[in-house]
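Any value given below was found using the heavy atoms of this structure, including those in side chains, with hydrogens, waters and symmetry copies removed.
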Amino acid sequence: MGTIADQWVGRRTRPPIPPAPTSRIPRLRIARPALLWWGWAAALFLLYAAVSGRRQALVRTTGYDLGIFEQAVRAYAHFDAPLAPLRGNGFDLLGDHFHPLLAALAPLYRLFPSPYTLLFAQAALLALAVVPLARQATRVLGRRAGHVIAFGYGLSWGIASAVGFDFHEVCLAVPLVSYALEALARRQWRRAVAWAVPMLLVKEDLGLTLAAIGGYVAWRGPRRLGIATAVLGLVGSVLEFKVLMPFFNPAGAYAHAANLAPAHHSLLTTLALAPLDAVRPEVKATTLVLVFAPAALIALRSPLALIAVPTLGWRMLSTNAFHWGTAFHYSAVLMPVVLAALTDALRPYAAADDPLARRHVRASLATVAAVTLVLLPSFPLAQIVHRSTWRTTAHVSAVRDLLRRIPDGATVAASNRLAPQLTSRATVVLFPTFPVRWELTAATTPIPAPTAQWIAYDRAPAESWPYPPGYWPYPEPRQEEEYRKALTRYGYVLVAQEDGVSLLRKGSRHGIWQRTSGTP
């Protein structure tokens, strides 16, 4: 008994054995949620990079716009003004759209001078925007919701359309909007403004989005900060439209002023009919519905959805029909708004201690996933599973063989889809048209004679989204006419020809090579 008592007392008085170190457990608990959103970012980057990279490899990208942006970034990388010969002789691209933040890509381009640098940078920026969206959804709705929000954003048609059409400056704004929205949802007002202000340097219309964020801050947070932010956004956009872009534009005016022309004879009539004009023709109404479709329209319950109004407003009231639809890059900046508003709209239901409310959250997220899957095949990310995406055609091989014959540093007049194959190593303008007074020559006016050392002409019709198969900028007969003039009037000779691609050089009849027969 004594021995047992002694042992029992020993247990009571002996210092407790310290537990095994548990420092790793908290780290794992912190890291696991982060793996969710960073894992999604990595996966989406690979997806976007694969789609856009294959488009470049298959000669599906264009001089208008990938080639133009590469010329600007290439100039920044060499500490020059962002002149874009494709846009016009001596044309400073800051006079087209105000996007000085593009210069941030210059160091990367200096290390890797290639159009793939721009495409992969865009893929990374668009993928990065999923991080705050998934993080906020996980925080307020749970891990499964974080996956659904990441899925809904990452495969949304607005992001897919941006990935599927070259490179555009708006990719710089998408993560800025996404991080600003997360800060707004968490009532971190100063952080939200700090994320949003750089949008003034991305594109001139984004000052209106900054103003909308300022209005939200004034409504829900510090009034003075919100009002100051709204004023900064409005004044910034006005200065860019009225002062900065006309200053940089060689013509001394805003390059896209025609898109903002009144839709009716008087300003008063235009304002009165604006609500109707915003939904007609029907493509506008369809786009307005599709913008909120990735959130199953539930995002409309959240006041965060109001931040989409400036972008939707100018697009629907623009006279440019390209702005009305779902193609191109115009909806990319709206996708973070829609998904952040969805999370915000579901937050009260997730916080409620009510089985019916929780069921509503689950049903909403299931609907979001279903809508995303239904829309996915109609937009460019679906190209990743197309057999043609991974097959190099004879035409693509011909393009590579012929363009390889053009020396670095040459001046080249190239067809639209051949231009971005050359802009990293040559000075490229468009063939068969040339910007006159910094606008593409109209089809009814004479086209100036080309002066480039080389002409690279592709007579095969384009076959890639978002354009339908066909010829641009002129119908085939007009393009063939200009090609014949180059041979018969302007002193060019045929150097090589293969599978509908012709390579001409000015003033030399040596080294002519032709693998397949064709009519020059």
**Q.** N/O donor-acceptor pair under 3.5 Å between Ser178 side chain and Pro336 backbone
**A.** no
Q: Evaluate side-chain contact (heavy atoms from CB on, under 4.5 Å) for His395 paired with Val501, printing each intermediate quantity in order.
A: CA-CA 8 Å; His395 185 76; Val501 184; 3.4 Å; yes
Q: With Leu155 as reference, evaluate Leu373, Leu375, Thr372 under the side-chain contact (heavy atoms from CB on, under 4.5 Å) test and give the passing residue.
A: Thr372
Q) What's the spacing between Thr433 OG1 and Ile447 CD1 if we round to 0.5 Å? A) 4.5 Å
Q.
For the backbone of Thr411 and the side chain of Gln453, can you confirm whether one donor and one acceptor N or O come within less than 3.5 Å of each other?
A. yes
Q.
With a 4.5 Å cut-off on side-chain heavy atoms, are Asp96 and Phe91 touching?
A. yes
Q: In sequence, state the C-alpha distance, the side-chain angles, and the governing distance for Phe379 and Thr326, and then conclude on side-chain contact (heavy atoms from CB on, under 4.5 Å).
A: CA-CA 9 Å; Phe379 292 92; Thr326 57; 3.7 Å; yes
Q: May I ask you to check whether over 12 heavy atoms, not counting those of Asn89, lie within 6.0 Å of atom CG?
A: no
Q | 4.5 Å side-chain heavy-atom contact, Thr287 and Tyr330 | A | no
Q.
Any heavy-atom pair between the side chains of Arg55 and Leu66 that's under 4.5 Å?
A. no
(Q) Tell me whether Ser161 contacts the main-chain N or O of Trp157 through its side chain, where contact means a donor paired with an acceptor under 3.5 Å. (A) yes
(Q) Please check this pair: side chain of Glu204 against backbone of Leu244, looking for a donor-acceptor N/O pair closer than 3.5 Å. (A) no
Q. Which pair of heavy atoms, one from Pro281 and one from Trp324, lies closest together, and at what distance?
A. CG-CZ3, 3.7 Å
(Q) Could you check whether Ser502 and Arg459, counting side-chain N and O atoms only, form a donor-acceptor pair closer than 3.5 Å? (A) yes
Q: Rounded to the nearest 0.5 Å, what's the gap from CG on Leu290 to OG on Ser156? Could you check?
A: 11.5 Å
Q. How far apart are the closest heavy atoms of Leu402 and Ala496, and which atoms are they?
A. CD2-O, 4.0 Å
Q. How close do Gln383 and Thr389 get, heavy atom to heavy atom, and via which atoms?
A. O-OG1, 2.5 Å
Q: Answer whether the closest heavy-atom distance between the side chains of Glu70 and Ser424 falls below 4.5 Å.
A: yes
Q | Separation of Trp454 CH2 from Ile406 CD1 (nearest 0.5 Å) | A | 6.5 Å
Q) Nearest 0.5 Å, what's the OG-NZ distance between Ser318 and Lys284? A) 8.0 Å
Q) Closest heavy-atom contact between Ala50 and Trp390? A) CB-CH2, 4.5 Å
Q.
Is it the case that the side chain of Arg315 and the backbone of Phe322 share a donor-acceptor pair, with hydrogens and angles ignored and the cut-off at 3.5 Å?
A. no
Q) Is the distance between the ring centroids of Trp472 and Tyr64 less than 6.0 Å? A) yes
Q.
Taking the basic N atoms (NZ, or NE/NH1/NH2) and the acidic carboxylate oxygens, is any pair closer than 4.0 Å for Asp458 and Arg417?
A. no
Q. Can you name the nearest heavy-atom pair linking Tyr153 to Ala129, along with the distance?
A. OH-CB, 3.2 Å
Q: For Pro432, check side chain to side chain contact (heavy atoms under 4.5 Å, CB included) against everything at least two apart and list the hits.
A: Pro473, Tyr474, Gln479, Glu482
Q) Quick one: which of Leu418, Thr393, Leu403 gives a side-chain contact (heavy atoms from CB on, under 4.5 Å) with Val59? A) Leu418
Q: Mind checking the CG-NE2 spacing from Leu317 to His323? Nearest 0.5 Å is all I need.
A: 12.0 Å
Q) Which heavy-atom pair separates Thr392 from Arg54 by the least distance, and what is that distance? A) OG1-NH2, 4.1 Å
Q) Does a side-chain heavy-atom distance below 4.5 Å link Arg489 with Arg484? A) no
Q) Are Phe151 and Leu44 close enough that some pair of their side-chain heavy atoms sits under 4.5 Å apart? A) no
(Q) Distance check, rounded to the nearest 0.5 Å: Met245 atom CE versus Glu240 atom CD? (A) 6.5 Å
Q) Can you list the steps and then say if Phe98 with Phe248 is a side-chain contact (heavy atoms from CB on, under 4.5 Å)? A) CA-CA 9 Å; Phe98 193 73; Phe248 288 108; 4.2 Å; yes
Let me have the donor-acceptor pairs involving side chains of residues 118-126, under 3.5 Å, with sequence neighbours excluded, atom names and distances please.
{"residue": "Gln122", "atom": "OE1", "partner": "His168", "partner atom": "N", "Å": "3.1"}
{"residue": "Gln122", "atom": "NE2", "partner": "Asp166", "partner atom": "O", "Å": "2.9"}

Q | Thr61 and Gln56: side chain donor to acceptor below 3.5 Å | A | yes
Q. Below 4.5 Å, heavy atoms only, C-beta onward: do Leu94 and Pro100 meet side chain to side chain?
A. yes
(Q) What verdict does the side-chain contact (heavy atoms from CB on, under 4.5 Å) test give for Leu208 and Leu234, after you've listed the backbone C-alpha separation in whole Å, the side-chain angles of each residue and the deciding distance to 0.1 Å? (A) CA-CA 6 Å; Leu208 304 179; Leu234 292 174; 3.9 Å; yes
Q.
Within the structure provided, determine whether Phe167 and Pro115 are in side-chain contact (heavy-atom separation under 4.5 Å).
A. no
